[in-house]
Amino acid sequence: MRLSKSFIPTLKEVPAEAVIPSHILMIRSGLVRQVSAGIYTWLPLGYKVLRKIMDIIREEMNAIGGQEFHFPGLNPREIWEQTGRVEAFGDILFHVKNRDYVLAPTHEEIVAYHAKGSVVSYKDMPQIWYQIQTKFRNEPRPRSGVIRGRQFIMKDAYTLDKDTEGLDRGYALHDKAYRAIFDRCGIKYFVVGASSGAMGGSKSEEFMVKSAAGEDTVAYCEKCGYAANAEVAQSVAVGAVHHPESKTIYEISTPDVKSIDELCAFLKIDESETAKSRIYFHEGKPVLVLMLGNDEVNETKLANVLGGTVRPAHPDELKEITGADAGSIGPINFPHRTIADNLLKDGNNLYSGANKNDYHIGGIDLKRDAPQIEYFDLRTAESGEKCIRCGSDLEVFKAIELGHIFKLGTKYSEALGVNFLDENGKEKPVVMGSYGIGVDRVFACFVEQNYDERGIVWKEPLNPFDIQLIGLNMKNAAVADTCERIYIDLIAEGYEVLFDDRLDASAGFKFNDADLLGMPVQVIVGEKNLKEGKVELKYRKSGQKKIVELANLTEELQHPV
RNA sequence: CGGGGCGUAGCUCAGCCCGGCUAGAGCGCUUGGUUUGGGACCAAGAAGUCGCAGGUUCGAAUCCUGUCGCCCCGACCA
């Protein structure tokens with residue numbers, strides 16, 4: 001393709017609305033353009049790559065027996081009422097104003113609609129149905145370019161089975177297909193077991209990519225693959241020390257000491273000798289939560305332990321409950337339920353608040369002085385702690401969700417009456433699974449993982465072109481003629497070539513554009529080298545350059561360095 | 001929905017606090033010429049109802065009110 005005739009609007013300057021690298025580069029290199037918040041046009045070069053991603057997805061979905069559909073984006077609201085999801089989605093669901101239609105944010109309802117009355121016998125199953133289609137969600141805050149949009153492209157698949165064993169098989173097939181898809185796209189990812197949230201159903205796994213732009217926080221062990229959402233992640237951390245001699249408790253005047261850091265500095269002690277108190281409300285009653293040192297309370301774990309929901313106490317409530325303000329609260333003589341993190345279990349000679357402003361208590365032996373305490377895992381795992389499975393270092397970081405596979409079960413088939421007759425002539429609801437991939441996210445994540453200060457660094461197989469052919473001075477007849485010949489030859493060899501044939505662009509301009517666009521190989525034709533019958537090859541990733549005989553060009557291209 | 005920021009030419013921004021001649025710069029664009037190995041140079045030019053609406057004022061990009069949009073943090077997130 002000739003650059004002079006292509007619509008590839010590159011930008012030298014960073015667009016004001018973009019913040020994260022992939023978003024900036026996707027706009028700067030003319031792949032996408034924003035139309036409105038969370039709404040993007042895929043420009044020709046970007047769409048070319050997007051199609052390559054979709055082709056890979058198609059191949060792998062077809063390989064596990066998937067059949068491609070194209071479901072409508074516009075759905076009758078009535079179907080969504082039947083599963084209760086108009087209410088469940090709430091404001092996220094787009095409603096059409098002049099008809100009783102909604103814009104589909106996913107397609108379980110439509111799949112169930114088609115299955116009903118058509119998939120009627122156990123002999124009709126299993127089925128794997130999928131599509132690659134635009135989805136609509138009225139996100140309250142679109143962000144990070146195409147990573148969270150109001151309109152996005154999703155590959156969604158659905159399995160229909162007669163029993164849970166069938167569902168297990170379909171689920172396993174998708175797990176395999178997803179790994180193949182992300183591997184082929186050249187994306188570094190990991191898999192996290194997750195709760196299935198509002199989708200309903202039991203088991204689910206998320207395919208994640210590490211990224212500062214991510215919306216989830218996960219703990220991950222590279223060594224053994226242990227990965228968990230930070231809300232539930234466990235880790236091995238050093239607990240409170242049990243000294244052979246337990247001191248007796250004593251009160252210490254600690255004027256203006258409010259935090260653990262200040263307490264440690266004031267008493268010249270280590271964090272591991274302190275216990276931090278937090279007051280939460282659970283079912284209307286206060287609960288003191290005691291953590292080692294500066295460990296943060298994990299509210300998800302706390303809620304799981306107590307059952308139901310919890311909320312932190314307001315500052316004005318603290319005084320009433322404890323007799324002190326935040327910073328001086330402690331477990332000794334605390335009149336309500338007290339629970340503590342496992343790391344404090346054997347602690348003695350600890351320091352904590354005295355429930356009296358500006359006073360702390362030292363010499364605490366929790367077993368002796370607060371025997372009523374119940375112990376649970378309540379802390380949030382942090383980087384550098386050890387993996388509970390293999391003991392290696394655990395890393396906690398932000399991640400983007402690329403794909404999610406769910407065992408739905410019979411939620412939708414029961415709601416919509418999608419039943420079949422089994423071997424015994426007994427009527428049963430179809431067992432469903434649901435499997436999504438954010439196609440635009442695959443694109444953005446690839447860019448997040450493959451760029452440098454000059455631009456995107458494409459690699460097989462997603463690269464939009466194999467080669468960028470650069471004619472440095474196209475007004476020079478020898479350069480122009482040689483470029484034309486190389487262009488035709490390379491295409492004949494089967495390469496996809498982007499030919500920078502612009503007449504008026506200067507050399508530096510073309511070099512910078514080529515680096516920004518990021519094709520794996522640049523073939524550079526300039527007067528200087530051409531006089532000696534040579535052209536230059538530049539490999540985008542390494543930056544390595546090589547002057548080669550024009551006659552040997554195609555051969556050289558077959559042996560990349 | 002809470003907090004913060006921004007809206008001036010295709011893009012990036014200055015001007016606004018402290019109202020006053022004809023609203024600016026760089027990049028990009030058009031025309032002509034010179035250039036061509038790391039975002040060239042010279043000359044001439046086109047391009048903005050200063051987001052929108054109302055108000056204050058002799059006078060508003062600038063002050064006030066409202067409204068819409070965009071970005072960031074948080075909440076939310078199959």
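Below, chains carry the letters A, B, ... as their sequence lines are ordered, and counting in each starts from 1.
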**Q.** Assigned partner base of rC13(B), Watson-Crick or wobble definition, under 3.5 Å
**A.** rG24(B)
Q: Just call it for Asp513(A): base, sugar-phosphate, or nothing, with non-hydrogen atoms closer than 4.0 Å on any strand.
A: base
Q) So which one's nearest nucleotide on RNA chain B is more toward 5', Lys510(A) or Glu13(A)? A) Glu13(A)
**Q.** Out of rU12(B), rA75(B), rC70(B), whichever nucleotide has its closest atom nearest the side chain of Gln34(A)
**A.** rC70(B)
Q | Interatomic spacing from CD1 in Ile153(A) to CE in Met54(A) - rounded to 0.5 Å | A | 5.5 Å
Q) Base, sugar-phosphate alone, or nothing: which one does Lys545(A) contact when heavy atoms must sit under 4.0 Å apart? A) base
Q: Provide, to the nearest angstrom, the distance between the CD atom belonging to Glu299(A) and the C1' atom belonging to rG74(B).
A: 14 Å
Q) Only one of Tyr158(A), Phe69(A), Phe71(A) clears ring-ring contact (aromatic ring centres under 6.0 Å, His included) with Trp129(A); which? A) Phe69(A)
Q | Pairwise 5' ranking along RNA chain B for Gly145(A) and Ile524(A), keeping only the more 5' one | A | Ile524(A)
**Q.** Sequence-distant partners of Phe281(A), ring-ring contact (aromatic ring centres under 6.0 Å, His included), two or more places apart
**A.** none
Q | Protein-nucleotide distance (Arg150(A), atom CZ; rC71(B), atom P), rounded to Å | A | 8 Å
Q) Contact class for Lys528(A) vs. all strands (heavy atom < 4.0 Å): base, sugar-phosphate, or nothing? A) sugar-phosphate
Q: Establish, yes or no, whether the cationic atom of Lys407(A) lies under 6.0 Å from the six-membered ring centre of Tyr435(A) and within 45° of the ring axis.
A: no
Q) Of the nucleotides rG39(B), rG38(B), rA75(B), which one has an atom closest to the side chain of Arg141(A)? A) rA75(B)
**Q.** Identity of whatever pairs with rC77(B) - Watson-Crick or G-U, under 3.5 angstrom
**A.** none
Q) Which is true for Glu215(A) with a 4.0 Å heavy-atom rule: it touches a base, it touches only sugar-phosphate, or it touches nothing? A) base
Q. Stacking between Phe511(A) and the base of rG38(B) (centre distance under 5.5 Å, interplanar angle under 30°)?
A. yes
Q: Would you check if the distance from the ring center of Trp458(A) to the ring center of Phe465(A) is below 6.0 Å?
A: no
Give each protein N/O atom lying under 3.5 Å from an N/O atom of nucleotides 34-36 of chain B, with the pair distance.
{"from": "rU35(B)", "atom 1": "O4", "to": "Lys475(A)", "atom 2": "NZ", "distance (Å)": "2.7"}
{"from": "rU36(B)", "atom 1": "N3", "to": "Asn473(A)", "atom 2": "OD1", "distance (Å)": "3.3"}
{"from": "rU36(B)", "atom 1": "O4", "to": "Lys475(A)", "atom 2": "NZ", "distance (Å)": "3.4"}

Q: Pick base, sugar-phosphate or nothing for Thr10(A), based on heavy-atom distances below 4.0 Å to the nucleic acid.
A: nothing
Q. So, is Arg148(A) close to the rC77(B) phosphate, meaning a side-chain N or O under 4.0 Å from OP1 or OP2?
A. no
(Q) Among rG74(B), rG38(B), rG39(B), which nucleotide has an atom closest to any side-chain atom of Leu516(A)? (A) rG39(B)
Q | Pair Ser434(A), Glu108(A): side-chain N/O donor-acceptor within cut-off below 3.5 Å | A | yes
Q | Distance, P atom - from rC72(B) to rU30(B), rounded to whole angstrom | A | 33 Å
Q. With sugar-phosphate meaning primed atoms plus P, OP1 and OP2, does Tyr158(A) contact a base, only sugar-phosphate, or nothing at under 4.0 Å between heavy atoms?
A. nothing
Q | Residue pairs involving residues 474-486 of chain A (criterion salt bridge (charged side-chain N to carboxylate O under 4.0 Å, His left out); sequence neighbours excluded) | A | Arg2(A)-Glu484(A)
(Q) When you measure from the centre of the six-membered ring of Phe152(A), is the NZ or CZ of Lys135(A) closer than 6.0 Å and no more than 45° off the axis? (A) no
Q) When we call it a touch if two heavy atoms are under 4.0 Å apart, what does Val479(A) touch: a base, just sugar-phosphate, or nothing? A) nothing
Q: Classify the nucleic acid contact of Arg28(A) as base, sugar-phosphate or nothing, counting any heavy atom under 4.0 Å across all strands shown.
A: base
Q. Touch check for Pro15(A), heavy atoms < 4.0 angstrom, all strands: base, sugar-phosphate only, or nothing?
A. sugar-phosphate
Q) In Watson-Crick or G-U wobble terms, both distances under 3.5 Å, what is the partner of rG7(B)? A) rC68(B)
Q) Taking only residues at least two apart or on different chains, which pairs with a member in residues 397-406 of chain A satisfy salt bridge (charged side-chain N to carboxylate O under 4.0 Å, His left out)? A) none
**Q.** Rounded distance (Å) that lies between atom P of rC76(B) and atom CD of Glu401(A)
**A.** 16 Å
Q: Among rA75(B), rG37(B), rC13(B), find the nucleotide with the atom closest to the side chain of Ala16(A).
A: rC13(B)
Q. Could you state the NZ-P distance from Lys12(A) to rG39(B), rounded to the nearest angstrom?
A. 9 Å
Q) Looking at the side chain of Asn529(A), which of rG37(B), rC27(B), rU12(B) is the nearest nucleotide? A) rG37(B)
Q | Rounded C1' spacing from rC70(B) to rC41(B) in Å | A | 38 Å
Q.
Whether the side chain of Arg540(A) engages the backbone of Gly518(A) through a donor-acceptor N/O pair (distance < 3.5 Å, no angle test) should be reported.
A. no
**Q.** Positions of residues 35-48 of chain A (non-hydrogen atom under 4.0 Å from RNA chain B), listed by number
**A.** Ser36(A), Ala37(A)
**Q.** Pairs where residues 69-82 of chain A contributes a residue and the test salt bridge (charged side-chain N to carboxylate O under 4.0 Å, His left out) is met, not counting sequence neighbours
**A.** Arg77(A)-Glu81(A), Arg77(A)-Asp100(A)
Q: Could you work out the separation of rC13(B) and rA61(B) based on their C1' atoms and round it to a whole Å?
A: 15 Å
